[in-house]
Amino acid sequence: MLAAGAAASPASADDLPFRDPDLPVDERVADLLGRLTRDEKIAMLHQYQPAIPRLDIGAFRTGTEALHGVAWLGEATVFPQSVGLGATWDTGLVRRVGDAVGTEMRGFHVQDPAAHGLNVWAPVADPLRDPRWGRNEEGYSEDPALVGAMATAYTGGLRGDHDFYLKTAPTLKHFAGYNIEEKRDRISVTVPPRALHEYVYPAFRPAIAAGNATGVMAAYNLINGRPAHLSPLLDDVRSWSDHEAMIVSDAYGPSNVVDTQGYYDTHAQSHAAMLKAGIDSFTDQGTDSSLTIQAVTAALEQGLISEADIDRALSHSLSIRFRLGEFDPDSRNPYADITPAAIDSPEHRKLAQEAATAQMTLLKNDGALPLDPQQDTDVAVVGPLADTLYEDWYSGTMPYEATPASGIADRLGDAGSVTTADGADRIRLTTPGGGAVTASSAEDGGVLRVEDGGSAGDQAISVFEWGEGVVTLRTEANGKVVGLGEGNRLFNDQDQPNGWFVQQLFRFEEVGGGQVVLKYDGYDTWNRKYVSIGQDGALTVGADTPEEAARFEVETLADGGEQAVEAASGADAAVVVVGNMPFINGRETDDREDIALPAAQRELVQAVAEANPNTVVVLESSYPQAVPCAQEHVPALLWTSHAGQETGNALAAVLFGDANPAGRLPQTWYRSVEDLPDMRDYDVIDSGHTYQYFPGEPLYPFGHGLSYTDFEYGRPELDRKRIGADGSVTVRVPVTNTGDRAGDEVVQLYTQQNRSRVEQPIKELRDFERVHIEAGETVTVELEVEAADLAFWDVTRGRMVVERAGHDVLVGASSADIRHRARIQVEGERIPPRDLTGDVRAADFDRYSAGVELVDESKTEGTAVAGSAGGWIAFDDSDLRGLTAFTARTARAEEGGAALEIRLGSPDGRLLGTAEVPATGGKYEYTQITADLEKAGGRHRDVYLVFTADLRLSGFSLSTE
């Protein structure tokens with residue numbers, strides 16, 4: 001007899017049923033589970049699953065980053081940032097990019113199977129609700145339909161084409177309601193049912209439903225008061241596909257449930273709850289799995305979970321391992337023959353240039369573009385991004401770099417000339433005592449010191465401003481960036497800002513008398529102090545206040561703006577390349593405060609444009625920038641994301657007309673931060689975020705992008721004008737290229753519901769197609785509108801509903817450039833008056849005020865409404881005939897008086913009754929309250945529940961007694 005927890009070792013692991021590729025995968029998983037000991041199974045719940053030598057099972061790691069190329073494993077093909085891929089509006093291209101990334105991932109896996117895991121954490125399916133989000137570069141679009149289409153395409157490439165075997169196993173990030181970096185592990189976002197089902201789910205569901213994505217990663221934030229890692233919404237993900245989904249935690253997310261969120265007191269409790277909620281793999285404490293093992297073991301021993309809970313979670317990750325072909329002969333696995341030779345292949349380099357070109361988006365053109373390669377041969381390429389390329393946090397390492405300047409120079413060849421200037425001021429920092437900050441000229445840098453004497457070359461520092469007062473410093477002695485190093489001293493040893501804490505950021509602060517102090521401003525916020533001078537002259541970050549800091553005088557050696565103007569003034573054309581550095585003011589853990597172009601860059605653009613009327617501004621950025629002045633005064637503006645190794649070649653092709661730009665904005669570009677609502681308000685319907693609900697006039701609308709040719713739209717032809725709730729309409733649109741060059745047009749179809757019980761979007765994208773059209777050619781584009789896509793979440797009955805209504809079908813070149821419209825009638829259903837006699841969930845309100853948020857009804861399930869004094873929730877179109885009694889379930893942790901007022905028409909409308917709410921001793925301790933109501937006299941549109949103090953409302957009902 002075997003001891004408890006032990007497992008028999010067979011003569012040959014190759015003969016076991018789990019090794020038989022002809023058996024169904026669920027039988028193979030069950031067989032393997034039965035052969036693992038309890039301790040082995042618990043250990044395999046961690047991100048780093050250990051090897052099981054007795055079964056000849058290797059180690060397995062979840063979580064290789066592959067957002068726009070394989071990241072962090074060495075040189076690999078770097079494609080445009082995800083927001084740039086979104087700007088292509090080309091699902092076929094994006095699928096090919098995903099396919100290339102998946103192939104390179106297989107190549108890396110061969111090099112180190114244990115470390116280079118095939119479960120890839122990509123793409124990000126969070127809609128780009130607010131352009132200030134620090135991780136804007138990681139997402140595809142603000143529109144959930146476009147996100148869903150791009151995520152489906154990219155994951156389709158990553159997973160491969162085989163019915164069973166996976167090239168890689170893509171995991172969508174970050175589920176759900178994630179869009180804020182500030183206190184991201186502590187903030188709770190309110191996501192009402194409509195926002196969840198109409199905005200969040202449409203972005204995540206398609207890739208799962210298509211069988212392309214194999215799971216999701218839980219988000220850092222709390223959603224409706226409960227950590228996303230514990231959300232019952234994870235169960236919804238499993239219902240979207242017939243395939244097993246593997247749900248992973250985010251890094252350190254499991255620890256956060258106790259350590260920063262304080263949701264449970266012990267890790268045993270939290271891990272038990274996460275397992276029951278649906279987390280299958282715990283990403284925590286790096287390679288150290290001890291916390292996970294100890295917590296799950298303790299949870300099991302305390303009876304908080306059973307071994308069946310462990311088996312269920314492990315079965316999900318094992319099913320993915322089987323589909324990756326790990327336990328099968330190479331002859332059965334169609335991806336087993338991929339080798340490291342696939343990494344950075346010539347084909348992938350070509351694809352990288354195609355993708356970088358496809359996402360170039362022409363924002364404005366008053367005839368300055370395209371440049372003439374025969375006449376515009378002397379080109380000034382100026383600005384802080386003119387002759388450099390930047391990687392972002394989730395970028396791979398570029399094997400080579402075609403910068404804007406080098407790309408243009410290569411395009412012109414020997415017949416042209418390119419002059420560059422970065423536009424940065426060169427300064428010298430001197431001390432009142434006569435010393436100067438001096439840098440090492442060694443290639444690997446050294447400590448910056450204050451020295452007497454020295455050469456001007458060793459003392460010159462270029463200052464690059466990135467907005468919000470943040471600057472980086474580059475020493476001209478060796479061309480390296482200054483950052484914090486050993487002993488909190490400053491070293492000039494970095495090629496560019498980098499690292500998790502980005503320790504290359506500074507601020508100058510004026511202290512009077514023409515002097516400044518230098519403050520360190522890295523992402524290691526606890527270390528933000530001022531620069532002082534040590535006894536050995538070394539610059540050290542250690543002064544707590546400006547008064548204790550070293551004082552410097554700034555001597556300008558060269559004015560960067562003047563140098564750029566000098567380069568541009570005599571050139572045939574000037575190309576000003578401005579934008580952001582992806583590690584600064586907008587990155588994981590850091591949201592933007594403003595969306596304006598940095599002041600120094602604005603001034604540079606203005607000065608160059610005044611010096612050379614043939615000026616083109618290239619905005620190379622990870623997110624929308626507010627550039628109203630450039631839009632007004634510069635002849636041409638072009639946007640590109642940080643598009644990888646081929647950025648410069650792609651840019652040159654577009655600037656000189658070798659390629660016709662056809663990128664389209666995947667986000668609204670606002671005129672200023674003043675146009676944006678509160679970033680913490682996730683509910684786009686309530687807040688007015690995105691083109692769907694923004695009432696103002698943007699700088700550039702969603703879907704905007706120009707071409708070097710013109711496209712004329714014919715009247716759309718609909719195959720039917722009336723459809724049922726399960727029907728569809730095919731829209732055929734003739735599009736003619738009326739210009740003299742071939743180009744791509746992105747034909748966009750939106751709908752607008754004309755009458756509805758609820759607030760509907762101003763318009764909403766339903767379908768699109770990027771189509772190539774030769775000069776003078778007409779192409780008929782066929783688009784589809786499914787009635788099911790017109791559905792919205794009916795809060796009165798808790799389901800999606802297609803409402804009986806007329807819809808305008810809008811066809812055009814952007815959300816604002818609508819060329820034609822038609823109308824269809826949808827024979828859906830009429831939503832009946834709201835029935836308040838049943839159990840009405842408080843969270844199913846129609847509208848709500850400030851001071852109201854959604855919270856967790858209990859730690860494990862349910863959503864309640866938390867209101868404060870003066871807050872209210874409204875229930876529209878309610879039938880009150882004969883109802884004279886009010887009953888509700890409330891909780892109130894605080895002592896003192898509180899009540900719910902039931903009113904008609906408005907928060908201060910006719911008072912029907914007041915229900916007193918007693919203290920219950922805890923926010924999860926609910927009690928039933930009642931109140932008599934005055935007769936309302938029939939059906940009224942608006943019923944308001946008004947809070948007089950802090951309390952929680954789970955649900956309520958009205959009755960006749």
Side-chain angles (χ1 to χ4, degrees), residues 378-390 403-406 408 418-430 436-437 439 448 455-482 492 494-497 504-510 514 516 518 521 552-571 573-581 584-585 596-612 615-621 625 627 629-630 633-634:
D378 181 7
V379 180
V381 186
V382 302
L385 286 85
D387 199 20
T388 188
L389 291 184
Y390 287 127
T403 70
S406 70
I408 292 171
V418 171
T419 306
T420 63
D422 56 28
D425 288 345
R426 269 63 161 178
I427 66 169
R428 176 162 48 205
L429 295 176
T430 60
V437 174
L448 270 64
S455 69
D458 291 340
Q459 296 169 353
I461 298 173
S462 294
V463 181
F464 294 85
E465 187 218 333
W466 299 107
E468 301 178 17
V470 176
V471 300
T472 54
L473 308 175
R474 185 185 71 200
T475 61
E476 296 309 306
N478 67 351
K480 294 295 182 71
V481 175
V482 176
N492 62 330
Q494 301 298 310
D495 291 326
Q496 67 176 46
Q504 298 82 33
L505 311 181
F506 299 90
R507 293 176 186 270
F508 284 108
E509 294 183 6
E510 296 181 359
V516 299
L518 187 60
D521 201 50
F552 300 101
E553 295 177 356
V554 180
E555 177 186 353
T556 300
L557 303 177
D559 186 299
E562 291 180 358
Q563 289 183 326
V565 166
E566 182 181 355
S569 58
V575 178
V576 188
V577 191
V578 292
N580 79 302
M581 196 287 153
I584 303 172
N585 295 343
L597 200 66
Q601 295 187 25
R602 295 199 302 269
E603 294 167 3
L604 178 68
V605 167
Q606 182 176 353
V608 173
E610 289 175 355
N612 190 325
T615 292
V616 176
V617 170
V618 176
L619 294 164
E620 187 178 346
S621 67
Q625 304 268 24
V627 288
C629 186
H633 297 291
V634 174

Whether the side chain of [X] engages the backbone of [Y] through a donor-acceptor N/O pair (distance < 3.5 Å, no angle test) should be reported.
{"X": "N492", "Y": "N478", "value": "no"}
{"X": "E465", "Y": "Q601", "value": "no"}
{"X": "D425", "Y": "G560", "value": "yes"}
{"X": "N585", "Y": "W466", "value": "yes"}
{"X": "R428", "Y": "E555", "value": "no"}

Of all the heavy-atom pairs spanning [X] and [Y], show the shortest one and how long it is.
{"X": "Y390", "Y": "P384", "value": "OH-O, 4.4 Å"}
{"X": "A386", "Y": "P404", "value": "O-CB, 3.4 Å"}
{"X": "M581", "Y": "P497", "value": "CE-O, 3.5 Å"}
{"X": "V418", "Y": "A405", "value": "CG1-O, 4.2 Å"}
{"X": "A568", "Y": "A574", "value": "CB-CB, 3.8 Å"}
{"X": "L604", "Y": "G423", "value": "CD1-CA, 4.3 Å"}

Return yes if a side-chain donor-acceptor contact under 3.5 Å exists between [X] and [Y], otherwise no.
{"X": "T556", "Y": "D559", "answer": "no"}
{"X": "N580", "Y": "S621", "answer": "no"}
{"X": "T615", "Y": "N612", "answer": "no"}

Rounded to the nearest 0.5 Å, what separation is found between the [atom1] atom of [X] and the [atom2] atom of [Y]?
{"X": "E562", "Y": "S569", "atom1": "CD", "atom2": "OG", "answer": "11.5 Å"}
{"X": "T472", "Y": "D521", "atom1": "OG1", "atom2": "CG", "answer": "12.0 Å"}
{"X": "R474", "Y": "T388", "atom1": "CZ", "atom2": "OG1", "answer": "8.5 Å"}
{"X": "R602", "Y": "C629", "atom1": "CZ", "atom2": "SG", "answer": "8.5 Å"}
{"X": "Q625", "Y": "L597", "atom1": "CD", "atom2": "CG", "answer": "5.0 Å"}

In sequence, state the C-alpha distance, the side-chain angles, and the governing distance for L473 and V463, and then conclude on side-chain contact (heavy atoms from CB on, under 4.5 Å). CA-CA 5 Å; L473 308 175; V463 181; 3.9 Å; yes

Pick one: which of V576, V381, L385, V575 meets side-chain contact (heavy atoms from CB on, under 4.5 Å) with V618?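 It is V575, the one option of V576, V381, L385, V575 that forms the side-chain contact (heavy atoms from CB on, under 4.5 Å) with V618.
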
Evaluate whether atom CD of Q496 has more than 12 neighbouring non-hydrogen atoms of other residues, nucleotides or ligands under 6.0 angstrom away.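 Enclosed.
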
Counting only heavy atoms from other residues, nucleotides and ligands, does the tally under 6.0 Å from CD of E509 exceed 12?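 Counting neighbours around CD of E509, more than 12 heavy atoms of other residues, nucleotides or ligands fall under 6.0 Å, so yes.
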
Below 4.5 Å, heavy atoms only, C-beta onward: do L619 and V578 meet side chain to side chain?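 The answer is yes, as the side chains (C-beta and beyond) meet within the 4.5 Å cut-off.
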
Please report the C-alpha distance between V482 and I461 in whole Å, then the side-chain angles of each, then the deciding distance to 0.1 Å, and finally whether the side-chain contact (heavy atoms from CB on, under 4.5 Å) criterion is met. CA-CA 9 Å; V482 176; I461 298 173; 5.7 Å; no

Can you list the steps and then say if T419 with V379 is a side-chain contact (heavy atoms from CB on, under 4.5 Å)? CA-CA 6 Å; T419 306; V379 180; over 6 Å; no

Residues L429, F508; criterion side-chain contact (heavy atoms from CB on, under 4.5 Å); working and verdict: CA-CA 11 Å; L429 295 176; F508 284 108; 4.1 Å; yes

